[in-house]
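Note sheet for the following structure.
If you're wondering where the values come from, they're calculated on a predicted model, not measured in any experiment. Order of the sequence lines sets the chain letters (A, B, ...), proteins ahead of strands, with each chain counted from 1.
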Number of protein chains: 2
Amino acid sequence: MSDMPSCQFESRPRRIVIGAGGAQTDFCTTCSVRPTSVCSVIGPDDISRLSDAAVETIIPPGRGFIEEGAPATDFFNVTSGTVKLFKALPDGRRQITGFASPGHFLGLAVSDNYAFGAEAVDTVRVCRFSRDKMADLLDDFPKLERRLLEEASNELVAAQNQMLLLGRKTARERVASFLLDQMHASQLPGQESSGGRLHLPMTRGDIADYLGLTIETVSRTLSWMRSQGMIEVGKGYAITILSVPKLDVLAAGNT
Amino acid sequence: MSDMPSCQFESRPRRIVIGAGGAQTDFCTTCSVRPTSVCSVIGPDDISRLSDAAVETIIPPGRGFIEEGAPATDFFNVTSGTVKLFKALPDGRRQITGFASPGHFLGLAVSDNYAFGAEAVDTVRVCRFSRDKMADLLDDFPKLERRLLEEASNELVAAQNQMLLLGRKTARERVASFLLDQMHASQLPGQESSGGRLHLPMTRGDIADYLGLTIETVSRTLSWMRSQGMIEVGKGYAITILSVPKLDVLAAGNT
DNA sequence: GGAACGCATTGATTTACATCAAACCATCCG
DNA sequence: CGGATGGTTTGATGTAAATCAATGCGTTCC
């Protein structure tokens with residue numbers, strides 16, 4: 001599945017800019033790098049039909065590109081990098097509701113406004129579609145609709161797991177669950193198995209906002225896990241999982 | 001929309017039983033009471049095609065009818081009553097991930113096993129479909145697929161709100177948000193506006209498991225809200241909202 | 001009637017995590 | 001180089017909510 005034809009848009013490049021001093025973009029040149037993305041669903045032959053609707057956009061680390069509550073004009077397919085999705089309270093408290101990696105769709109909401117914000121964690125490439133053309137697109141490509149339903153169902157399952165984590169798990173259980181999830185995500189087909197080595201693209205602050213904890217608690221918990229021989233905390237964003245079983249026991253709540 | 005043709009299955013009744021001493025069921029007689037359900041999507045003319053697939057089931061209060069992790073054989077459409085959906089940890093901690101009211105679909109998961117449990121809060125009626133026939137159903141009724149995607153998107157938005165609540169809100173904010181949600185849910189088109197009177201079908205324990213709190217904290221918080229003149233706590237499951245603005249301020253975190 | 005049960009309320013105490021605070025350590029940059 | 005900056009770690013203290021515990025109050029059922 002990983003050697004499927006890369007999907008080339010044949011139109012002439014056009015540049016657009018996001019935000020002040022923002023990212024430059026061209027028409028999507030390789031809109032699908034993994035079997036889960038748009039192009040693999042609708043097939044390379046259909047691409048010319050999309051070329052005036054889809055634009056590839058490169059978003060630098062830290063830049064937001066969906067604002068919670070803003071009119072929902074576009075619809076995105078992540079093609080590389082990691083995106084954080086979040087909701088915020090008026091006083092600044094934040095909850096990251098998920099991290100979107102290549103293949104994920106953003107902006108499905110039926111509402112006319114985005115229900116969440118989105119920001120690039122590292123350098124991100126997305127394919128951007130106009131939501132106006134969404135209905136036509138779905139009518140023309142039934143497979144896309146099936147794919148979106150599948151994606152939404154998967155996200156719903158992930159959301160339910162996260163609600164269990166946020167509502168009922170302790171700090172240690174949360175961090176253990178997170179690390180295991182990240183490990184599983186990095187072991188998807190097409191990725192070489194990395195022997196427990198993880199490169200988390202997000203900061204401690206992001207992890208804290210994802211797990212409903214503070215930066216300090218995340219840091220302390222990782223230190224404790226290190227002291228227990230469960231993990232190794234490397235420079236920068238590297239973490240190595242030394243004992244999956246120990247983390248499993250923790251994550252399941254069999255303290 | 002509320003006076004649409006009721007959708008009659010014309011087949012002869014058949015009885016089935018759920019669990020020991022369980023509920024009796026017939027073929028679905030009125031599978032749609034609200035514009036969101038299956039029958040309103042596919043239309044009364046198509047019903048005969050479904051009559052061998054859909055079975056109406058009546059589930060008594062407290063009875064579980066989906067077990068987390070069990071093979072996902074069926075797919076449900078709630079037609080009356082309230083269902084609680086939950087996930088549990090091995091040691092018994094529970095998180096209710098949502099309450100499903102008439103019109104909601106259950107068991108969409110792409111996985112072969114249910115990702116959550118489901119239990120009737122009060123007396124519940126559901127339309128039950130075999131998941132084997134789901135794919136055919138979707139192929140035959142594109143509108144149903146569009147409807148399911150819409151439903152899944154809405155649930156995703158609700159799930160994100162709940163993650164913000166569970167991860168970042170205080171107990172008071174959680175209870176205030178819950179009461180407002182319940183009020184909005186009871187004010188859907190087709191319902192008479194009830195002047196702040198709510199009849200919550202679920203126990204304090206259910207509310208606690210939904211909000212990631214304990215029974216005691218929910219009870220204390222309601223008592224505190226009563227002392228602040230925000231609500232009136234009636235006998236049984238009745239709660240009257242006396243000041244929506246006060247609850248709004250609380251729920252938004254403008255403490 | 002009155003035991004037994006489930007559910008709710010209220011009080012006393014404990015605790016896991018947040019908050020406040022300080023130091024550490026890269027990288028960047030004039 | 002040396003000082004800012006942004007992220008991380010570690011320590012001391014505070015607190016919101018959990019836990020432990022007792023009481024109340026309808027229902028059900030001998």
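- Nearest heavy-atom pair, B:H199 versus B:A238, reported as atom, atom and distance to 0.1 Å: CE1-CB, 3.8 Å.
- With B:T82 contributing its side chain and B:V121 its backbone, the two residues share no donor-acceptor pair below 3.5 Å.
- Proximity of a side-chain donor or acceptor of A:E68 to a complementary backbone N or O of A:Y114 within less than 3.5 Å is not detected.
- Between A:K235 and A:G212, the one whose closest nucleotide on DNA chain C sits nearer the 5' end is A:G212.
- The closest donor-acceptor contact from the side chain of A:R174 to the backbone of A:K169 lies under 3.5 Å.
- Between the side chain of A:D91 and the main chain of A:R93, a donor-acceptor pair closer than 3.5 Å is present.
- The outermost nucleotides of DNA chain C lying under 4.0 Å from heavy atoms of chain A, listed 5' to 3', are C:dC17 to C:dA26.
- Nucleic acid contact for A:V233: sugar-phosphate only, since backbone atoms but no base atoms lie under 4.0 Å from a heavy atom of the residue.
- Read 5' to 3', the first and last nucleotides of DNA chain D with an atom closer than 4.0 Å to a heavy atom of chain A are D:dT8 to D:dA12.
- Among the heavy atoms of the strands lying under 4.0 Å from A:S219 is at least one base atom, whether or not backbone atoms are also near.
- Among the heavy atoms of the strands lying under 4.0 Å from B:T214 is at least one base atom, whether or not backbone atoms are also near.
- Counting heavy-atom neighbours within 6.0 Å of B:E67 CD, excluding the residue itself, gives a total of 12 or less.
- Not one N or O on the side chain of A:Q160 forms a donor-acceptor pair closer than 3.5 Å with the backbone of B:F116.
- Annotation for B:S153 and A:L108: closest pair OG-O, 3.9 Å, computed over non-hydrogen atoms.
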